[in-house]
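By convention in this document, chain letters (A, B, ...) are assigned in the order of the sequence lines, proteins followed by strands, and residues within each chain are numbered from 1. All values derive from a computational prediction rather than experimental measurement.
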Protein chains: 2
Amino acid sequence: MPESQPRGPELDKRKAYILTTIVYEYIATAEPVGSATLTQKYNLGVSSATIRNEMAELEARGYLVQPHTSAGRIPSDTGYRTYVDRLMPAESLASEESDRLRTEFARAGRAIDEIVEQATRLLSQYSQNLAVVVAPSKDSQVFRHLQLIWLADRSVLMVVVTTAGVAEQHVIEPVVDVDPDELTRASNALNRRLSGTLLVQLDRGTVVDALATTEPPLHASLIDGIIAGFAHARRPEERRILFGGAQHLLDQPEFRDFKKLRSILDLVEEQRTLYNVVLDSIERGESTPSVRIGGELELEDMSECSLVAIPYRMGDRSLGVLAILGARRMPYGRMMALIAATADHLSQHLTDVELP
Amino acid sequence: MPESQPRGPELDKRKAYILTTIVYEYIATAEPVGSATLTQKYNLGVSSATIRNEMAELEARGYLVQPHTSAGRIPSDTGYRTYVDRLMPAESLASEESDRLRTEFARAGRAIDEIVEQATRLLSQYSQNLAVVVAPSKDSQVFRHLQLIWLADRSVLMVVVTTAGVAEQHVIEPVVDVDPDELTRASNALNRRLSGTLLVQLDRGTVVDALATTEPPLHASLIDGIIAGFAHARRPEERRILFGGAQHLLDQPEFRDFKKLRSILDLVEEQRTLYNVVLDSIERGESTPSVRIGGELELEDMSECSLVAIPYRMGDRSLGVLAILGARRMPYGRMMALIAATADHLSQHLTDVELP
DNA sequence: CGCTAGCAGTCTGGGAAAGTGAGTGCCAAG
DNA sequence: CTTGGCACTCACTTTCCCAGACTGCTAGCG
């Protein structure tokens, strides 16, 4: 006897259409949607009283909530979730907009940092929301070349270049004098044996092996320095997070409230929490945008926000994540299309600038 | 007949004391200061009526303003200016706080970017205001070492290392095949002749001269590539500006107003305007903090803000600027002491990590 | 001549009261 | 199942009023 069906099995066609319309209208207007508005603006073929009955049932099943007794309805997390997963028409970016994105990426130059900064700027600008970008960590990059440069008798500069075109430098201070020829031999040996290896794999054993045949053998303190240099170049613990477009938040009526604004800005400043959430969002490694709605973020004071995230790549290695953080009432279709296109262009551009 | 003295010649002792007290009190409470408050909280030895007369005169002379007829007074730009320049007691940072600053700088590592990011974080945290930091431009750095690395027959990676320990890379694609030996000879020649030169001085002529004696002569397209590489490493046009602690603005009652908040966040996003103002502030190259109060900033909607700025150095070269942007009602003494100490520690740390 | 006490006048900010209107739920009839 | 009608609810806005803070002015005092 299915008299009260909590979270019913399926929504019939009319209920689905009503939910779709309510989400759409609320996203557009930021005002709770009433039955009269629906019958006036959308062609439903039934009266507002009928809509009221349907809305009451959608609320009972958890898709809608009423801010207060005499207001219209707004979608709940479940309502948005259903909309995003099953009701929303798929959108894709207008081709001229996509072209503009590509053009603007091309203006960023070859340096990885620059490209990622440009991505942040573009994403916030086009989305009119807060853009959050996790920059590449070094450890997924491929070692290309190393140079040991003689600075003084007990001071050596080690420069590591990856195929991403990023150079990291590190000063080594061995406990014995070294001479330039010795450094050249070491550089050559390491380059011959290790070029093409992922940075993350360049641990102590690998380096010691690569230098085993060097004659005369290098002093242990120099080898230690080289190993430390690789460890430094790798630095997996340190991933920059970039932000852009915080001012757009002020345009949303839901953030006309200093407490909510403060929560978000604190999150931006703190970085770690947001970093975890963003990484969680794309853990599955899928290449479609992942969406987290309101309470799904599991963050205090963030029930009014949603996050759309997607990974980006260089070649076939996943490097980092793009994300849009905005009001829960966001145009999900457009945001997903936009972030997917941005990630595509970014991945493409990064792959293009990779060194041979 | 000096009957009405606009912006009178000097403030007598009592007026100066009253002005000082009003600025002090207003900074502490954010409430317009009335005559009764003054007599109660501060030992003035005269009645509130006398204070009222004095305040009326201070207002007539432009040091104070009244938000409305029945309110107390708040300082005008001129009032703050007088306070900062002549009335305020000089403050210096408590030595334990200064020590803490130094310790935290030490945790930043050797990379210039990292150190400057740390400075931004510390400055915003200690000042509880928005920190604005202009990062070093490349062109004031000293060329230390160059390496031309063979990637493929027509592809060469050029790595430039400065004494700041920053490496920049650039891909050169000459129109003829090159071989590794040729590259080594070119690298050696350039290093021998040019090491120690400012990057900004490495123009076409200098490079061509340095390579003039190379035998056999390098192909023109390779030389062009090297010149382009230096130009790229230099990139004077591109100076990063870092921000930190925007959320602290929300703590100030003067920014409980979305328009003002929006103005500031827009400024942060736009960067260029703020960059100019900050550079203006320290154009004189002095090493004491420069202060700009309210309207002196000459920025629309920024009349409620003040900016405290100071340059920082590496060795004896000025590299960039630290600044604090906050409410006009800020504790100037502390902010100036703090930013001076931060700049000192930053300059010291940068000088320490410079390569030999 | 400067200082003070007292007083009338002015303005803001907050809170109560009342009116407005959007929107609902329910019912009885089609 | 749908619909028109109706009573009811509740947030929001406007209006009004009052308390409080502070001033400027004046007259008197040392």
> Would you say that more than 12 heavy atoms from the other residues, nucleotides or ligands in this model lie under 6.0 Å from the OH of B/Y24, or not?
no
> Compare the minimum distances between each of D/dC10, D/dT23, D/dC22 and the side chain of B/M55, then state the nucleotide with the smallest one.
D/dT23
> What string of B, S and - do you get for nucleotides 17-22 of chain C, 5' to 3', if B is base contact, S is sugar-phosphate-only contact and - is no contact with any protein heavy atom under 4.0 Å?
-----B
> Verify the distance criterion only: is there a donor paired with an acceptor across the side chains of B/Q40 and B/T37 at less than 3.5 Å?
no
> Are B/S306 and B/Y332 linked by a side-chain donor-acceptor pair shorter than 3.5 Å?
yes
> Does A/Y63 offer a backbone N or O that forms a donor-acceptor pair with the side chain of A/S76 under 3.5 Å?
yes
> Does OP1 or OP2 of C/dC11 have a side-chain N or O of B/T69 closer than 4.0 Å?
yes
> With the side chain of B/T37 defined as its heavy atoms from C-beta on, choose the nearest nucleotide among C/dT24, D/dT23, D/dC22.
D/dC22
> Would you say B/R52 and B/S35 are linked by a side-chain donor-acceptor pair, where the criterion is simply a distance under 3.5 Å?
yes
> Summarise how protein sits on nucleotides 1-6 of chain D as a single string, 5' to 3': B when a protein heavy atom is under 4.0 Å from the base, S for sugar-phosphate-only contact, - for no contact.
-SBBB-
> Using a strict 4.0 Å threshold on nitrogen-to-oxygen distance, state whether A/R262 and A/D266 make a salt bridge.
yes
> Five pairs per end, C1' atoms only: what is the angle between the end axes of the helix from C/dC1-D/dG30 to C/dG30-D/dC1, to 10 degrees?
20°
> Hey, is the main chain of A/V46 close enough, under 3.5 Å, to the side chain of A/T50 for a donor-acceptor pair?
no
> I'd like to know if the side chain of B/T342 and the backbone of B/L338 have a donor-acceptor N/O pair within less than 3.5 Å.
yes
